[in-house]
Amino acid sequence: MSDTAKFEIGGKGFDYPVMSGSIGPDVVDIRKLYAQTGAFTYDPGFTSTASCRSELTYIDGDEGVLLHRGYPIGELAENSSFMEVAYLLLNGELPNQGELSEFTTTITRHTMVHEQLAAFFRGFRRDAHPMAIMCGVVGALSAFYHDSTDIHDPVQRTIASHRLIAKIPTIAAMAYKYSVGQPFLYPDNSLSYTGNFLRMTFGVPAEPYEVNPAVEKAMDRIFILHADHEQNASTSTVRLAGSSGANPFACIAAGIACLWGPAHGGANEAALNMLREIGTPERIPEFIARAKDKNDPFRLMGFGHRVYKNYDPRATVMQKTVREVFDALKVNDPLFETALRLEEIALNDEYFVEKKLFPNVDFYSGVILSAIGFPTEMFTVLFALARTVGWVAQWNEMITDPDQKIGRPRQLYTGPTQRSYVPVEQR
């Protein structure tokens with residue numbers, strides 16, 4: 001393949017270098033395009049534009065491939081822990097036992113939040129959406145941890161990274177507790193990262209809380225499967241905010257705000273609401289027919305994926321986890337029976353197979369989280385909890401990239417051309 005790409009603009013020819021990654025599509029380097037031609041590219045959503053170099057995550061949507069630092073997501077979810085994956089994303093390699101123990105201890109010892117932060121929660125209405133609380137409280141962390149906001153100091157960047165990964169579960173659990181009127185629980189350093197979060201969320205001071213191993217394992221898998229997903233909307237938002245030199249807490253708060261959108265982090269909630277609309281397994285054929293009808297606005301939520309044109313590799317792991325959680329919790333609910341039956345029908349229906357509308361990770365995670373006891377408004381909070389690891393890793397990578405500049409997308413202007421001001425009495 002040629003190492004240059006040829007363009008003709010305004011009757012003149014221009015050559016631009018072609019860059020190759022370790023895997024994936026080649027990229028045309030158009031950084032000099034405007035200076036040489038006076039033209040921009042037009043790419044709404046930046047779906048054909050590489051905004052950065054990254055060594056973190058690789059996705060091949062056509063083949064259903066998702067790699068973190070080269071490791072397939074299925075292998076990580078089956079064999080690893082969330083703390084291992086967090087270390088991998090931050091440091092580039094899986095840890096040995098000593099490195100994992102040291103990293104886990106560091107995270108564990110950062111899980112408490114400043115006592116004055118509790119006052120922030122009491123400023124919100126009881127019915128405030130937990131994501132609204134998360135945006136506000138995470139952004140406020142920079143007001144409490146001044147010793148880790150210098151983005152040019154590698155030591156401070158590391159401390160801020162550890163603090164964010166450690167404190168997000170505590171803040172998420174506090175957001176839930178506040179919404180249901182229960183007292184906040186302090187972290188328990190004897191528990192795992194995931195077990196500690198479950199206790200802070202569902203435990204009460206009046207009695208001991210026992211972590212269900214099957215639930216703990218399922219939550220750890222869900223966290224792993226949501227840890228990073230390349231340059232999606234919220235990750236790009238974190239990088240864009242960070243490109244201005246904003247402190248890391250503000251950058252992660254920006255990512256949380258972007259994730260809140262139903263087209264991004266709210267997809268698993270939409271899938272569960274769809275199952276509730278269907279109601280019982282007997283009504284599935286009716287809704288399958290509606291999904292096939294082009295004139296009917298109904299769509300099967302949790303099926304298909306914008307990126308994956310094959311089976312979502314994360315869904316394969318979740319498919320197995322659904323059964324494990326249902327068995328452990330002895331789930332007996334028509335909603336979950338409907339989910340399993342809908343999955344079976346869709347996987348064997350020629351229409352859905354032909355259009356590659358397979359169940360995605362949102363379909364399974366929504367069902368699992370509901371079975372565990374999380375209300376739907378907490379689903380996106382859990383997504384943010386897991387994705388903080390990826391956001392922090394991406395932010396660190398961006399800060400140390402010598403090619404990185406402040407984000408400044410261009411536009412195709414379609415408004416009025418220059419015109420003269422007319423005094424109000426003459427209009």
Side-chain angles (χ1 to χ4, degrees), residues 47 59-66 72-75 77-78 218 221-222 224-226 229 232 261-372 374 376 379-380 383:
T47 55
I59 296 172
D60 185 335
D62 293 332
E63 297 298 324
V65 172
L66 171 57
I73 188 63
E75 292 183 19
E78 285 286 353
R221 279 181 178 168
I222 288 175
I224 290 172
L225 296 175
H226 289 84
H229 209 239
N232 52 79
H264 192 2
N268 50 11
E269 183 175 347
L272 193 68
N273 289 337
M274 175 202 68
L275 289 170
R276 287 175 175 151
E277 183 182 356
I278 294 174
T280 60
E282 293 74 29
R283 299 189 65 198
I284 291 176
E286 169 194 342
F287 285 88
I288 290 285
R290 288 182 60 188
K292 295 178 181 179
D293 185 354
K294 294 180 179 179
N295 297 318
D296 193 312
F298 176 78
R299 294 291 179 268
L300 279 185
M301 305 303 295
F303 287 78
H305 195 278
R306 182 183 179 187
V307 173
Y308 299 109
K309 305 309 176 188
N310 204 315
Y311 205 91
D312 183 340
R314 302 168 299 172
T316 307
V317 180
M318 283 289 92
Q319 187 180 43
K320 174 184 174 184
T321 307
V322 167
R323 273 73 176 177
E324 293 174 354
V325 171
F326 284 11
D327 290 343
L329 299 179
K330 297 179 172 51
V331 171
N332 182 20
D333 187 320
L335 177 74
F336 305 122
E337 293 177 25
T338 301
L340 298 181
R341 179 63 182 144
L342 179 59
E343 171 207 45
E344 179 186 349
I345 291 174
L347 287 175
N348 293 282
D349 188 293
E350 185 178 335
Y351 174 87
F352 295 104
V353 172
E354 180 183 332
K355 294 186 176 296
K356 298 182 179 179
L357 296 174
F358 303 114
N360 59 37
V361 69
D362 296 311
F363 176 78
Y364 293 112
S365 63
V367 172
I368 292 171
L369 295 175
S370 181
I372 291 172
F374 288 102
T376 53
F379 287 4
T380 317
F383 195 157

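In this structure, CG in Leu369 is found 14.5 Å from OH in Tyr364, a value given to the nearest 0.5 Å. Atom CG in Asp349 sits 9.0 Å away from atom OH in Tyr351 (nearest 0.5 Å). Put simply, CZ on Phe303 and CG on Leu357 are 9.0 Å apart, with the number rounded to the nearest 0.5 Å. Rounded to the nearest 0.5 Å, atoms CD1 (Ile222) and OG1 (Thr321) are 7.5 Å apart. To the nearest 0.5 angstrom, Ile284 atom CD1 is 4.5 Å from Ile345 atom CD1. Within the model, atoms CZ of Phe287 and CG of Asp296 stand 9.0 Å from one another, a figure rounded to the nearest 0.5 Å.
Under a 3.5 Å cut-off, the side chain of Thr338 and the backbone N or O of Gly279 do form a donor-acceptor pair. No side-chain donor-acceptor contact under 3.5 Å links Arg290 to the backbone of Glu286.
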Please evaluate residues Leu272 and Arg276 with respect to the criterion side chain to side chain contact (heavy atoms under 4.5 Å, CB included), reporting the C-alpha separation (whole Å), side-chain torsions for both, the decisive distance (0.1 Å), and the verdict.
CA-CA 6 Å; Leu272 193 68; Arg276 287 175 175 151; 3.5 Å; yes
Tell me, with the steps shown, if Leu335 and Ser370 meet side chain to side chain contact (heavy atoms under 4.5 Å, CB included).
CA-CA 10 Å; Leu335 177 74; Ser370 181; 4.3 Å; yes
CA sep, side-chain torsions, deciding dist, call: Met318, Ile368, side chain to side chain contact (heavy atoms under 4.5 Å, CB included):
CA-CA 9 Å; Met318 283 289 92; Ile368 292 171; 3.6 Å; yes
So Leu342 and Leu300, side chain to side chain contact (heavy atoms under 4.5 Å, CB included) or not? Walk me through it.
CA-CA 10 Å; Leu342 179 59; Leu300 279 185; 4.3 Å; yes
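Other residues, nucleotides and ligands contribute more than 12 heavy atoms inside 6.0 Å of the NZ atom of Lys292.
Across all their heavy atoms, Phe326 and Ala371 have their closest contact at CE1-CB, 3.9 Å. When all heavy atoms of Val367 and Phe363 are compared, the closest pair comes out as CG2-O, 3.3 Å. Among all heavy-atom pairs drawn from Glu343 and Gln319, the shortest one is OE2-NE2, 2.9 Å. Contact between Ala346 and Val353 at its shortest, heavy atoms only, is O-CG2, 4.2 Å. Scanning both residues, Leu225 and Arg314, for their nearest heavy atoms gives O-CD, 3.2 Å. Taking every heavy atom of both residues into account, Phe352 and Ala291 meet most closely at CZ-CB, 4.2 Å.
Ring geometry, Phe383 versus His226: the interplanar angle exceeds 60°, so the pair is classed perpendicular (tilted spans 30 to 60°).
Between Lys320 and Arg221 there is a side-chain heavy-atom pair separated by less than 4.5 Å.
Checked options Ile224, Val65, Val361; the residue passing with Ile73 is Ile224 (criterion: side-chain contact (heavy atoms from CB on, under 4.5 Å)).
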